[in-house]
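Note sheet for the following structure.
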Amino acid sequence: MNLVHIIQSYLKGALQQVFDIEVESATIKLEQTLQDYKGDYTFVVFPYVKQTRKSPEQTAAALGDFLQSQNKIAEYNVVKGFLNLVLNDALLFEFFIAAGKDENHFRTNTGGAKKVVVEYSSPNTNKPLHLGHIRNNLLGFAVAEILKSGGYDVKKANLINDRGIHICKSMLAWQQSGLQETPQSSGLKGDHLVGKYYVAFDKTYKAEIEALVNDGLTEDEAKKKAQSMIEAQQMLLRWENGDPETIALWKLMNGWVYDGFDVTYKRLGVDFDTYYYESNTYLLGKAIVQEGLDKKVFYKKEDGSVWIDLTDEGLDHKLLLRADGTSVYITQDIGTAQLKYDDFHYDMSLYVVGNEQDYHFKVLQGILKKMEKPYANGIHHVSYGMVDLPSGKMKSREGTVVDADDLMEEMHDEARRIILERGKTEGMTAEQIDALCEDVGMAALKYYLLRVDPQKRLLFNPAESIDFEGNTGPYIQYTNARINSVIDKAGDNLVNTGYSTLLEPERELLLALHNYKITLDKAATTYNPSEIANYVYDVARIYNRFYYECPIAKEDVALETRTFRVALSKFTGQTISECLRLLGIKAPKKM
RNA sequence: GGUCUCAUAGCUCAACCGGAUAGAGCACCGGUUUUCUAAACCGGGGGUUACAGGUUCGAUCCCUGUUGGGACUACCA
């Protein structure tokens, strides 16, 4: 049951009866009445005054009068051209009863079971995950869950970039160290061990460049002639030629990284239905490039390199295959897009990738369109902004990255500090306390990253940015735990039969709860989890006010009122839990 | 140079796709608990929405320009 639709139909009728104006119900714009005015929904009459031939005030008053005389609304007031409507309590209550009975209240069918692949995470296998990856993973996971609730058939995919020069750098440095270090022997998590050698390579490489520059080479020359770079390139060639020793080392070290990633993913709470590996897809990409050449969509330069002309799309000429026949990044993405389509026959294919690749995805779509691939129009780049630190951008080479594993550990510790300080852990086992610290710490981190519009850059201040009070994950969790507690006290086996006049906090809460489906659909169609994050905060804030002002399980509360308020609390708890679930945040029963 | 993007309270973010007096949190000041979890609630101060024009009943939102950040523009990924 959708209150907005109902009010729209009321207004459609009123416009017709009073002014003889015919409009589509869906085109009638309604807003929620602002805090400082009396009312639930507001209708702006300005767009209609030309047809009514009356002043905005007269128009609004005439419509309000009509609706009230028909008993469609409880009351109304007019401020300039704004018609503020107060709904009948019975209507709000009807919504509440209907929603409570509806098993599918937390789902919509907007997606119409369309198949959608959500690719996210997509790490390189030469170093551990950092804060930027965390944003990516949380966004990807949440977008996928939101789409599922919105009625889409979703597959989560992780495209692992497991080949290339960067992996060879780690391999080379590991080999040269001669230490034969393993995760077991070193006690290091696999991805961190491999990352350590990636850093080691870079150190050596930089020293070599400096030496060459001192010998009189330009920096560009030095970068190409440095010994370790030459060796890394040779190793990449050996890899591409299938040299058994190189492949074995590659498999060994990638295996360590995957083990490490699994631990990080598990702690982050993200998962995947399927994995793709660039080592598998780049060859398919090459084959499709050949197909494009045959179709004359691509062209070959004299040096043998392959290009596409996208100038008619407002883009540029783009290289698809190097002169030596090796593939570039976009070649692999062409292959992966095809492979995904072969696997799932998707209607939509989302790529959760940073906004630094906006151009890349325009090019990818342009290419697929020119290839007349059936899936070309379904691909969409879910672009998000970089995560900045107070010191500026994160740079792995300068050691200013915030490591994902370290950060999660710090959040856990910080949560523990605060939880012990509050001293509400009576009767909990050490394991339960530990689990709570994890849930609360991760909630603070996740909510902080997800509440911001994905498109925008995000400033992360490790020292002070993660709070546990106010507009935060733990605040929302706390509200839910509070609800849980009050229901425990009051008992929830009462059957709701009626209501007395709704108080302001109650109707405000009902309207907020009613917004769930509207918010879900908006989040789903815009691929924007921050809609859910901001919404659930709103619900929690409104509930806390209700909780403070309206006694629920206290002695002197009439049974009918108590029953209604318990039911309202329970429904609020369900709504909060559901939103948190969409965001990958746990909802502890007690905290 | 070209293309794209961002700029809102001291700080971090909202603002329901053009609507009212631009809202929250943090920080600061003051108040609320013999009563359901004070990680809560209420109140106060704090804004020329970067700047200048334009479009219209109405602009933080759309258009143009300026300034200032960022990204892309690699035979890197």
Side-chain angles (χ1 to χ4, degrees), chain A residues 29-37 42 44 46-47 49-50 56 79-82 84 122 124 161 163-166 278 301 303 305-307 314-316 319-324 326-330 332-333 354-360 362 383 385-386 388 392-393 418-419 421-422 424 440 444 448 451-453 455-461 464-465 467-479 481-490 515 518-519 522 526 530-531 534-535 537-538 540-541 543-545 547-557 562 565-566 569 590-591:
Chain A
K29 271 186 61 186
L30 277 177
E31 293 163 42
Q32 257 181 272
T33 305
L34 295 184
Q35 209 50 253
D36 297 342
Y37 300 88
T42 296
V44 185
F46 289 114
V49 293
K50 270 184 188 158
V79 181
K80 292 187 242 177
F82 299 90
N84 299 320
S122 306
N124 292 356
N161 180 24
R163 50 153 248 129
I165 190 77
H166 44 290
E278 290 195 354
K301 281 195 180 172
D303 64 3
S305 58
V306 178
W307 297 73
L315 303 168
D316 214 333
L319 175 96
L320 301 175
L321 225 47
R322 295 190 187 98
D324 65 4
T326 58
S327 67
V328 293
Y329 182 51
I330 197 121
Q332 301 166 23
D333 263 357
N355 64 10
E356 59 200 353
Q357 293 191 30
D358 285 352
Y359 183 77
H360 171 79
K362 280 183 194 163
S383 173
M386 299 290 101
D388 288 326
K393 203 183 169 182
I418 290 178
I419 285 166
E421 199 178 279
R422 313 242 184 235
K424 292 184 187 174
V440 172
Y448 184 82
R451 66 180 255 252
V452 180
D453 184 338
Q455 310 245 12
K456 297 195 174 171
R457 304 177 70 88
L458 187 152
L459 184 75
F460 185 87
N461 188 334
E464 58 189 47
S465 61
D467 287 319
F468 290 77
E469 292 170 12
N471 189 355
T472 65
Y475 170 91
I476 296 159
Q477 288 179 313
Y478 172 76
T479 309
R482 223 180 191 188
I483 289 170
N484 218 61
S485 168
V486 77
I487 291 173
D488 270 355
K489 282 237 160 73
N515 283 339
I518 296 168
T519 308
K522 196 174 175 199
T526 57
S530 80
E531 295 283 354
N534 287 307
Y535 167 74
Y537 170 68
D538 219 40
R541 195 172 47 78
Y543 181 84
N544 276 319
R545 186 190 176 131
Y547 180 90
Y548 188 84
E549 293 188 12
C550 304
I552 300 162
K554 292 180 185 175
E555 293 295 325
D556 54 348
V557 180
R562 176 190 177 108
R565 288 179 183 166
V566 168
S569 296
K590 222 175 156 180
M591 65 185 280

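In what follows, every chain begins at residue 1, and chains take the letters A, B, ... in the order their sequences are listed.
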[X] has a side chain; which of [options] sits nearest to it?
X	options	value
A/K80	B/A39, B/A20, B/C16	B/A20
A/V44	B/A77, B/A20, B/G19	B/G19
A/R451	B/A77, B/C13, B/C36	B/C13
A/S305	B/C75, B/A39, B/U37	B/C75
A/N161	B/C57, B/A38, B/A77	B/A77
A/R322	B/C76, B/U37, B/A20	B/C76
A/D453	B/C36, B/U12, B/A14	B/A14
A/N544	B/C36, B/A14, B/C41	B/C41
A/K456	B/C16, B/C41, B/A7	B/A7

When you compare [N] with [M], how far apart are their [atom1] atoms, in angstrom units rounded to a whole number?
N	M	atom1	result
B/A22	B/C61	C1'	12 Å
B/C51	B/C17	C1'	25 Å
B/A7	B/A15	P	11 Å
B/G2	B/U64	P	16 Å
B/C13	B/U60	C1'	14 Å
B/A59	B/G54	P	12 Å
B/U5	B/A50	C1'	16 Å
B/C6	B/U66	C1'	16 Å

Report yes or no: is the ring centroid of [X] under 5.5 Å from the six-membered base ring centroid of [N], with the two planes under 30 degrees?
X	N	result
A/F82	B/A20	yes
A/Y37	B/A20	yes
A/F46	B/G19	yes

Has the side chain of [X] got a donor or acceptor atom that lies under 3.5 Å from a matching backbone atom of [Y]?
X	Y	answer
A/R322	A/V328	no
A/T526	A/K522	yes
A/N544	A/A540	yes

| said: Output the pairing pattern of RNA chain B as a dot-bracket string, 5' first, Watson-Crick or G-U wobble with both distances under 3.5 Å, | for cross-strand pairs, [ ] for crossing pairs. | reply: (((((((..((((.....[...)))).(((((.......))))).....(((((..]....))))))))))))....
| task | Examine A/Y448 together with A/F460 and report whether their ring centres are nearer than 6.0 Å. | result | yes
| In whole Å, what is the span from the CG atom of A/D358 to the P atom of B/C72? | 10 Å
| message | Taking the side chain as everything from C-beta on, heavy atoms only, tell me whether A/R565 gets closer than 4.5 Å to A/P551. | response | yes
| task | Hey, could you give me the CG/OG1 distance between A/L30 and A/T42, rounded to the nearest 0.5 Å? | result | 8.5 Å
| query | So A/Y475 and A/Y537, would you call those rings parallel, tilted or perpendicular, with 30° and 60° as cut-offs? | reply | tilted
